[in-house]
Amino acid sequence: MSNLIKIKLPDSSIKEAPSGSTLYDITGLIGKGLQKAALAAELDGVLTDLATTVTKDSDLSIITFDSEKGRDIFWHSASHLMAQAVKRLYPDAKFAIGPSIESGFYYDIDMKKTLTPEDLEAIEAEMAKIVEEKLDVKREEMPKADAIKYFSSINETYKIELLSDLPDGNVSLYRQGEFADLCRGPHVRNTEQLKSFKLLSIAGAYWRGDEKNRMLQRIYGVAFPDQKDLKKHLDFIEEVKKRDHRKIGRDLDLFSTHEDVGAGLIYWHPKGARLRNTLEEWWKKEHFKNGYEILYSPHIGRSTLWETSGHLGFYKDNMYSPMEIDGNDYIIKPMNCPFHIKIYQTSLHSYRDLPLRWAELGTVYRYEKSGVLHGLLRVRGFTQDDAHIFCTPEQIEDEIKEVLRFSLWMWKTLGFTDIKAYLATKPEKSVGEPERWITAQESLRKAIESADLKVELDEGGGAFYGPKIDLKVRDAIGREWQMTTIQFDFNLPERFDMYYIGEDGQKHRPFMVHRALLGSIERFVGILIEHYSGKFPAWLSPVQVILINVSEEQAGVVNEMKNTMIDRGLRPQVDLRNESMGYKIREAVSQRAPYVCVIGKNEAENGTVSVRKRGEKDSITMAINDFYKMLEEEIAEKR
RNA sequence: GCCUACGUAGCUCAGUCGGUAGAGCAUUUGCAUGGUAAGCAAAAGGUCACCAGUUCGAUUCUGGUCGUAGGCUCCA
């Protein structure tokens with residue numbers, strides 16, 4: 001008889017099991033359901049497979065799909081499953097890396113055949129077979145040299161390259177049936193656990209992400225323990241497609257791009273321009289309220305300016321070639337900052353003038369590789385909601401706090417509430433005095449603290465010229481977008497030799513902070529479209545009300561209503577077309593206007609409107625003035 | 001930039017194994033004058049992205065250019 005050992009679970013309860021039991025056996029003691037759901041375990045804090053045997057008293061925590069670690073393991077196992085299927089179908093396939101990712105997994109493969117979407121179905125079918133075969137997934141450990149020998153024997157050149165980067169000693173392989181892969185693990189117990197999966201797409205990817213290396217074929221996929229969850233995930237992908245700002249932008253006639261004129265350049269149509277204008281007017285008003293001044297600066301500047309600023313050195317790849325004017329080179333601006341500094345330098349500044357908060361909706365042009373352009377989200381010409389703050393060291397802390405508070409308030413008003421901060425600190429190579437870095441980083445840290453934000457620290461991840469805070473906001477369907485940046489700059493004040501006169505009558509270097517709250521107007525509108533799925537709150541909606549007449553006789557009343565609304569600063573749109581009412585309502589609803597108003601004989605006679613609120617099927621009849629009041633209230637409250 | 005796929009009417013997409021093309025919606029016109037998600041009919045609409053090459057003939061095949069989409073170290 002073997003001895004009993006004590007296994008302590010996360011809730012501090014203790015299970016006794018015979019020494020030498022596997023973790024899988026032990027999960028069975030806790031519950032059948034858990035045993036089925038278990039993927040791996042943490043034994044005394046170490047991630048391990050369920051096949052591991054225990055011979056001494058230990059702490060145990062079971063990993064299931066509900067945790068991030070669990071999903072990671074599950075998806076990584078699914079990528080092995082896929083690789084096995086690929087190898088069966090294409091024996092010449094060589095495997096590079098196949099990790100789990102944020103939602104799913106991929107494997108990079110080198111093989112002769114170029115995969116098509118139909119091939120994915122065949123691979124899926126083969127994967128299903130392997131699941132049916134219920135292969136045990138077994139860990140094998142061996143010296144690195146043996147592993148190299150093994151992978152040489154099956155011609156897995158990428159694995160050999162990976163192995164050569166690993167420290168000497170033992171490495172682990174995971175084997176399922178005829179297939180074995182180099183892997184740290186852990187993995188699921190048996191292929192039967194990987195029932196619900198879907199291969200999503202094929203893409204090219206460089207070996208080790210380096211464009212000098214060979215391009216491999218990458219297959220993306222996703223997997224779940226349950227068919228229902230897979231369905232949910234696929235529905236989510238559909239939902240993302242439906243919200244695509246490029247599609248909604250066309251359907252709602254907001255913007256376009258023109259391939260014959262240039263990629264990554266946005267044309268704002270009347271309705272898109274209204275939306276943008278509403279945002280910008282609001283943005284300016286709030287900036288004035290928050291102690292900013294608004295600037296306008298030129299679109300081009302002489303190359304000497306960009307030499308002074310240093311951009312021609314470290315930012316050259318993103319800048320367009322110069323144009324010659326009167327024998328001088330001019331460059332279209334990729335940034336607004338040097339211009340703001342030029343304005344700063346038009347007069348001598350006392351410490352009493354500071355802080356200066358100078359904002360500009362400045363349109364900049366940056367070269368982006370053609371492959372990364374994407375609708376409004378990644379473009380070559382865009383308008384930053386930029387500002388620069390020039391202040392004394394004493395003012396830094398309050399200034400940063402204030403910027404952060406302002407930014408968070410703005411996000412809340414725009415309908416985004418889930419926000420996370422990322423603090424990036426001094427990298428190895430940097431400019432600026434160390435004390436300045438410390439002061440700046442301290443102010444950023446304190447601002448985050450006082451705003452009570454979730455924060456992630458990126459130690460050493462700052463730009464060479466200063467530390468920064470980025471804010472990521474989560475949209476309505478859970479995607480994170482990096483938006484706000486608050487960035488110190490110790491470089492430009494030096495390069496332009498900026499100073500102010502202190503209390504002591506001496507010259508002092510001001511602190512300079514760049515900040516963009518929305519990031520770029522183009523990109524932000526793109527995200528806004530997807531966040532609201534085109535159903536903008538009334539205060540932003542380019543068309544707030546669509547007015548529909550039942551028959552020609554009401555055309556006069558409808559036009560009158562429209563004029564009154566325009567006078568009141570509202571944004572109505574009339575549809576007097578000689579079409580059936582049903583038809584016009586259908587179209588108005590698909591245009592996602594917050595309200596559709598129908599005026600027929602009854603309404604015209606009684607001074608009422610039949611109001612149909614977006615998302616509701618039934619309409620309400622109310623007095624015209626009551627409707628105006630209701631709408632105006634909704635707009636004022638930015639609901 | 002690189003890989004893969006794609007580019008046909010304003011939009012969504014068929015189609016042509018090489019003989020200059022079709023549907024639905026949208027548009028225009030006519031009829032119908034309506035009560036809360038598509039009334040009926042007709043017409044018009046295309047250099048089949050662009051430029052070369054092969055061919056008697058190219059939207060189709062080949063090459064190039066431009067553009068679009070999904071990707072391109074989340075490191076066994």
Side-chain angles (χ1 to χ4, degrees), chain A residues 68 72 75-76 79-80 83 95-108 114-117 119 144 147 151 156 158-167 171-174 180-185 187 200-220 241 244 246-247 250-251 253 256-265 317 367-375 548-555 577-591 596-604 610-612 616-621:
Chain A
E68 201 179 309
D72 214 53
W75 287 331
H76 197 175
S79 91
H80 279 212
F95 297 96
I97 59 166
S100 68
I101 52 174
E102 207 175 295
S103 63
F105 59 89
Y106 67 79
Y107 219 122
D108 285 345
T114 302
L115 291 167
T116 65
D119 297 329
K144 187 171 135 178
F151 284 111
E156 287 283 2
Y158 296 96
K159 296 293 170 190
I160 297 166
E161 198 175 325
L162 290 168
L163 272 164
S164 65
D165 289 348
L166 292 176
V171 298
S172 57
L173 268 64
Y174 277 80
D181 197 359
L182 176 67
C183 192
R184 180 168 45 198
H187 275 283
L200 297 171
S201 61
I202 310 164
Y206 299 102
W207 167 235
R208 307 207 140 163
D210 188 336
E211 45 188 279
K212 287 188 207 87
N213 287 337
R214 188 173 163 80
M215 172 79 61
L216 308 173
Q217 300 193 63
R218 173 173 296 182
I219 306 177
Y220 282 94
K241 262 191 214 148
D244 193 315
R246 294 163 300 183
K247 177 167 169 44
R250 194 171 45 234
D251 290 348
D253 200 12
S256 58
T257 57
H258 297 265
E259 41 183 272
D260 52 340
V261 184
L265 303 171
D317 289 349
Y367 174 72
E368 298 282 356
K369 289 181 179 179
S370 63
V372 306
L373 300 174
H374 181 93
I548 291 172
N549 59 331
V550 175
S551 69
E552 258 170 52
E553 286 149 41
Q554 294 92 42
R577 285 178 305 170
N578 192 13
E579 294 286 351
S580 74
M581 199 187 69
Y583 178 86
K584 292 201 281 189
I585 286 175
R586 185 187 144 88
E587 199 172 280
V589 168
S590 72
Q591 282 295 301
V596 177
C597 288
V598 175
I599 294 101
K601 199 162 166 239
N602 295 335
E603 289 80 3
S610 168
V611 178
R612 189 182 163 121
E616 287 174 17
K617 242 184 134 43
D618 297 324
S619 54
I620 310 164
T621 301

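Here is how names work: the chains are called A, B, and so on, in the same order as the sequence lines, proteins then strands, and each is numbered from 1.
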OP1 or OP2 of [N] less than 4.0 angstrom from a side-chain nitrogen or oxygen of [X], does that happen here?
{"X": "R218(A)", "N": "C72(B)", "answer": "yes"}
{"X": "H374(A)", "N": "G70(B)", "answer": "yes"}
{"X": "K601(A)", "N": "G35(B)", "answer": "no"}
{"X": "R612(A)", "N": "A37(B)", "answer": "yes"}
{"X": "S580(A)", "N": "G34(B)", "answer": "no"}
{"X": "R250(A)", "N": "U12(B)", "answer": "yes"}
{"X": "Y220(A)", "N": "C74(B)", "answer": "no"}
{"X": "R577(A)", "N": "U28(B)", "answer": "no"}
{"X": "R184(A)", "N": "C75(B)", "answer": "no"}

The reported gap from CZ in R577(A) to NZ in K584(A) (rounded to nearest 0.5 angstrom) is 7.0 Å

Query raised in the report: Which value, in whole Å, describes the distance between the C1' atoms of nucleotides A26(B) and G64(B)?
Result: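 Pairwise C1' distance, A26(B) against G64(B), rounds to 36 Å.
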
Take atom C1' in A49(B) and the same atom in C6(B), then report the distance between them in whole Å.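 Approximately 12 Å lies between the C1' atom of A49(B) and that of C6(B).
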
Indicate, with a heavy-atom threshold strictly under 4.0 Å, whether [X] touches base, sugar-phosphate, or nothing.
{"X": "V372(A)", "value": "base"}
{"X": "S590(A)", "value": "nothing"}
{"X": "N602(A)", "value": "base"}

For RNA chain B, the dot-bracket notation using Watson-Crick and G-U wobble pairs below 3.5 Å, [ ] for pseudoknot-type crossings and | for other-strand pairs, is (((((((..((((.....[..)))).(((((.......))))).....(((((..]....))))))))))))....

[atom1] of [X] versus [atom2] of [N]: gap in Å, rounded?
{"X": "Y106(A)", "N": "U4(B)", "atom1": "OH", "atom2": "P", "result": "19 Å"}
{"X": "Y206(A)", "N": "U4(B)", "atom1": "OH", "atom2": "C1'", "result": "12 Å"}
{"X": "Y107(A)", "N": "U73(B)", "atom1": "OH", "atom2": "P", "result": "17 Å"}
{"X": "D108(A)", "N": "G71(B)", "atom1": "CG", "atom2": "C1'", "result": "10 Å"}

**Message:** Would you say that more than 12 heavy atoms from the other residues, nucleotides or ligands in this model lie under 6.0 Å from the CG of D165(A), or not?
**Reply:** yes

